[in-house]
Amino acid sequence: MSTRQTIRLTVNGKPYEREVEARLTLADFIRHELHLGGTHVGCEHGICGACTILIDGSSARACLTLAVQADGANITTVEGLRNRETGQLHPIQQAFVEAHGLQCGFCTPGFMMTTLELLGENPDPSDDEIKEALGGNLCRCTGYQSILDSVRLAARRLQSASAA
Amino acid sequence: MAFDIPTRTEDLPTDAPRFIGKTVNRIEDPALVSGTVEFIDNLSLPGMLHCAILRSPHPHARITRIDASAALALPGVEAVLTGEDVARWCDPCFTAPEGWGNYCLAVGKVRFVGEPVVAVAASSRYVAEDALELIQVDYALLDAVANPDEAMAPGAPVVFEERRTNVIQSRTYTWGEVDRVFAAADRIVSRQFRWNRVGANPTETFGCICQWDLADNSLICRGAYQTPRFMAIGRAASLRLPANKVKVVSHAQGGGFGGKGGPRGTDIAALLSRKSGGRPVKYIEDRMEYLLAGGGQSWDRYYDAALAVKADGTVTGFKVRLVDDQGAGAEGYGTISAAKPLAAFTGNYRIEAAFYDLTLVATNRAPTYPYRGYGPPPHNLVLESLMDVAARELALDPAELRRRNYIRPEQFPYTVPSGNEYDSGNYAAVLDRVLELADYRALRETQAQARAEGRLVGIGVVSTVEPGVFDWNAYATVGVPGVGVPEGVKVAVDVFGNVTVAVGFNLQGQGQFTVAAQVVADYLGVDMNSVKVTTASTDVALPHFGQGGSRLGVAVTGAILGACDKLRQTFCRVVAHVMHTDPEQIELFNGRLRMKQAPEHGMSIAEVAGLMLSRSDLLPPGVEPCPEATFVWVSPNRNQPDDQGRCRSYLTAAAATHVVQVEIDRDTGQVKILGYYIVDDCGTRLNPASVEGQLQGGVAQGVGAALYEEYVYDAQCQPLVSTFVDYLVPTIHEVPMTVKDHLVTPSPVAPLGAKGCGEGAIHTTPAALLCAINDALAPLGLECRETPASPQRLWKLLHDQA
């Protein structure tokens, strides 16, 4: 029933080589083979966006991607945000903490990865642009207002950091 | 020994609270944003198997044959569980009222689509799901009852044969002279309403890992449990284990909103562990399973209600007939949510008499479970919609009609006809502030202009009371006996002066760990960073409940204050002994135990704890070397209900008024929210940012319930909703960015004056939106009395008229 294939990919800067079943989702691969549990699975239909990661810099649903499709890819997950040595939070993470952009925190990695992509492309987004970018991520706790605040704060922080 | 639980922040042993009442960063958040919190699916145990569940495709059918031999032969499959095992080893889940429950997995017949029929444990979830495809189940179809009308018709098929009826409960409550006030009314306004099924849908579904120790005959359940001890007792009952042999370990949860706990999934995983020789078995519910049959369907209601009104706008009576489609049984305590409105039946108003006729009906829809608000969101929608109808008929502004009927500030504590006592409030002041915040007059002007242009613009002004800090006594008349809901904590100071708070619940999103740290830090005068909050498993935890009923923030505050007061008394004895004086001469202030007469002489918390742990020779007689204290808080002054359900149930009464302006698109039926304004009063705001988060999150869920979300079933009782493409959870585009302000009327009876605040917004938003929609439709002579007021429903309403 299973076809196994070898894949090579980079996750958060670290190279991996693994043999996987062809049907294994990228979300399950990241979570259960690489033990990076921060990419959460909320619906497995590509609707909720909790499992959003960056594949070669672009946001993608890990639940709708097969691990074998990521062969050769450069992947960033929420674990790649924080400074590896110091543990210092990324400005986006810090902004979500300070602006209370999360409650249960289950959807938050997906929101932050989408934000990372957005602010990379558009360092000073308008509210409408933020909403457009985050329209594919569901949050059941916050009602989104503090998430909007968090992204605004993150944009300001990143801009002043790059200006300095 | 008596313990002092201050109801005012001024009474804390500090000159100024440094954390309580301040917007502080949550101690939960660094781990959550790092992705390192151990949600249950992040945990793996050695030798762990994975469970998948084959579910019924039929709403009502007898199981005539199950052949799982091919599944069992599949490499990687370790155990298969069927109804035969369950009937041998289990009892049905206990329910309220008792006797209306299913086994965790169908025995003999299925009662709803999605009911578990066979479960498999295998080496991976992938293999377990492969195995499901090899299982053959034969069914003999039975006629289904798809709604309460069908269920109550003579000769209807019976969902639970041994009950001989589909009516779970039918009773009336009469409070005051209802007939007299209705006979004396100048006007009676009555309407029927239909509230379709909605539900919690936390982003994380239920999950657990269960391990049955065959040698000890004991069970460990790790998982997404919002009420750990309650869950442990339930598992002991259904799995026929002594309660002290069931240990529940609650993990952080990705939201809850009521139904987080998965009794069926837990029992199934536990039995699979038992059948596979005691290996741990993980079950992670997927979203389709959640939407079909998880703990997320609530409030399937048919209302017929009336208000008795005087010519001057005084509302004197309120009658409600409710038929509530419970689905296939009372396993999820959906039944008792029909009794929650007793805690605030007549809302913010001085309505003198009320009547409630309640019929709970079993059908072949999925069983209903608790959802945030637990009943009042539909109830308030009915009451507030009728207030608007009355205002229209009397040509009064809806805000003015409400103002005329509010309970006045000097009337508190105020006992409502349905028996609960509201602690405090100032409803007119809340209304004044929100009308000012919204610039209500300007909203009415823009509405008039829009109407002149033929646009459908409407305004809702809705007031509600949020009963906070639930008590079991509220539910005695629907089958849950008891008074008091304990919440216990342990506060321990270590030799370095760090403080650990052990609670019985885990994270779910509301920020109670932070509240716990704020309270303990202000009381003991330590820094929040030196407070660690941790979850005790049920085998060692103190009596507790966990999240539920707008209660935990207040309850955990009370428990910590009690434990801190115990510590303070012990510390005073120790310090007095060392200083050769009386304990009465010592006080705790700003983190030091000091002499009242000579405050420069004293010891820090760390010094006292260190002394207690390392110098037993200096301890006074009778004091243990233990700088720790436990306290189990319970709402003060609760009582047993009378036969009409009247009692002091919920401790606090927060209040809010929402003002919303909407526009309906005539061509699409889409409702656009033009502006949303909230003023609330939940007493002391322990962490204001968390309070605002609760409000805004409740608004979002209210928007979903009022405009988009619906568990749709067809006429044969087949669910038509199975993904988030069908069940429409609002996105950032649908939820309004609200404008908020607040008043503070502290509770005179609750710890630090804080009132429960987790449910107020979802109590209010659906009513506010429907009132605004009907205000928009009023010039056309139309009314929408069914939720969700979806684009399809409103378009049909507008076009059927044309």
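Every chain is numbered from 1 and lettered A, B, ... according to where its sequence line falls, protein lines coming before strand lines.
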Notebook entry, point to check: Should the heavy atoms of other residues, nucleotides or ligands under 6.0 Å from NZ of Lys22(B) be counted, would the total exceed 12?
Noted result: yes
Checklist line | Shortest non-hydrogen separation from Cys104(A) to Gly255(B) and the atoms involved | finding: CB-N, 3.2 Å
Item checked: Contacting region of Val729(B) [heavy-atom separation from chain A under 4.5 Å] -> both
Item checked: Thr738(B), part contacting chain A, at a heavy-atom distance under 4.5 Å -> both
Check: Looking at Thr36(B), Val127(B), Asn201(B), which makes the most heavy-atom pairs under 4.5 Å with chain A?
Finding: Asn201(B)
Note to self: For chain B, which candidate among Ile130(A), Thr25(A), Ile92(A) shows the most heavy-atom pairs at distances under 4.5 Å?
What the structure shows: Thr25(A)
Next item on the list: Run the numbers on Thr108(A) and Leu32(B) for side chain to side chain contact (heavy atoms under 4.5 Å, CB included), then give the verdict.
Entry: CA-CA 8 Å; Thr108(A) 313; Leu32(B) 285 167; 5.9 Å; no
Margin query: Between Gln103(A) and Gln510(B) (side chain of the first, backbone of the second, donor and acceptor by atom type, cut-off under 3.5 Å), is there such a pair?
Written below: no
Margin query: Tell me which of these, Asp41(B), Val703(B), Leu43(B), has more heavy-atom pairs under 4.5 Å with chain A than the rest.
Written below: Asp41(B)
Checklist line | Check: Phe724(B) ring centroid to His45(A) ring centroid under 6.0 Å | finding: no
Notebook entry, point to check: Can you tell which of Leu138(A), Thr142(A), Leu134(A) makes a side-chain contact (heavy atoms from CB on, under 4.5 Å) with Ile732(B)?
Noted result: Leu134(A)
Next item on the list: Measure distances from Gln694(B) to the heavy atoms of chain A and classify the residue's part below 4.5 Å as side chain, backbone, both or neither.
Entry: both
Notebook entry, point to check: Which residue out of Glu132(A), Gln93(A), Met112(A) racks up the most heavy-atom pairs below 4.5 Å with chain B?
Noted result: Gln93(A)
Check: Under 4.5 Å between any side-chain heavy atoms of Leu695(B) and Gln145(A), yes or no?
Finding: no
Notebook entry, point to check: For Gln88(A), does the CD atom have more than 12 heavy-atom neighbours from other residues, nucleotides or ligands under 6.0 Å away?
Noted result: no
Next item on the list: Determine, stepwise, if the pair Met737(B) / Leu148(A) fulfils side chain to side chain contact (heavy atoms under 4.5 Å, CB included).
Entry: CA-CA 9 Å; Met737(B) 301 299 142; Leu148(A) 186 62; 4.0 Å; yes
Note to self: Which atoms of Tyr126(B) are under 4.5 Å from chain A, going by heavy atoms: the side chain, the backbone, both sets, or neither?
What the structure shows: both
Checklist line | Value rounded to 0.5 Å, distance of CG in Leu507(B) from CZ in Phe106(A) | finding: 13.5 Å
Check: Applying the side chain to side chain donor-acceptor pair (under 3.5 Å) test to Asn42(B), which of Arg31(A), His35(A), His32(A) qualifies?
Finding: Arg31(A)
Check: What pair of heavy atoms forms the shortest contact from Ala700(B) to Gly143(A), and how long is it?
Finding: CB-CA, 3.6 Å
Note to self: Taking the side chain as everything from C-beta on, heavy atoms only, tell me whether His100(A) gets closer than 4.5 Å to Glu692(B).
What the structure shows: no
Notebook entry, point to check: Of the backbone (N, CA, C, O) and the side chain (C-beta and beyond), which part of Asn506(B) lies under 4.5 Å from a heavy atom of chain A, both, or neither?
Noted result: neither
Check: Non-hydrogen atoms of chain B under 4.5 Å away: do they reach the side chain of Leu24(A), the backbone, both or neither?
Finding: both
Margin query: I need the residue from Cys43(A), Gly38(A), Cys107(A) with the largest number of non-hydrogen atom pairs under 4.5 Å to chain B.
Written below: Cys43(A)
Notebook entry, point to check: Based on non-hydrogen pairs under 4.5 Å, which of Arg125(B), Arg372(B), Glu734(B), Glu709(B) is most in contact with chain A?
Noted result: Glu709(B)
Margin query: With heavy-atom distances below 4.5 Å as the criterion, would you say the side chains of Val33(B) and Leu102(A) are in contact?
Written below: yes
Item checked: Flag side-chain contact, heavy atom, 4.5 Å: Glu44(A) against Arg287(B) -> no
Notebook entry, point to check: Is any side-chain heavy atom of Asp29(B) less than 4.5 Å from a side-chain heavy atom of Glu98(A)?
Noted result: no
Next item on the list: Measure across Phe257(B) and Cys141(A) and return the closest heavy-atom pair with its distance rounded to 0.1 Å.
Entry: CZ-SG, 3.6 Å
Item checked: Which portion of Glu204(B) sits near chain A, non-hydrogen atoms under 4.5 angstrom -> both
Margin query: Which atoms of Thr765(B) are under 4.5 Å from chain A, going by heavy atoms: the side chain, the backbone, both sets, or neither?
Written below: neither
Next item on the list: Against chain A, work out which of Ser44(B), Ser690(B), Ala200(B), Gly256(B) has the most heavy-atom pairs shorter than 4.5 Å and name it.
Entry: Ala200(B)
Item checked: Pairwise side-chain contact, Ser34(B) with Val78(A), heavy-atom cut-off 4.5 Å (strictly under) -> no
Check: Side-chain donor-acceptor pair under 3.5 Å between Thr203(B) and Arg140(A), yes or no?
Finding: no
Next item on the list: Mark yes or no for whether Tyr144(A), through its side chain, and Gly697(B), through its backbone, hold a donor-acceptor pair below 3.5 Å.
Entry: no
Checklist line | Under 4.5 Å from a heavy atom of chain B, the part of Asp28(A) involved | finding: side chain
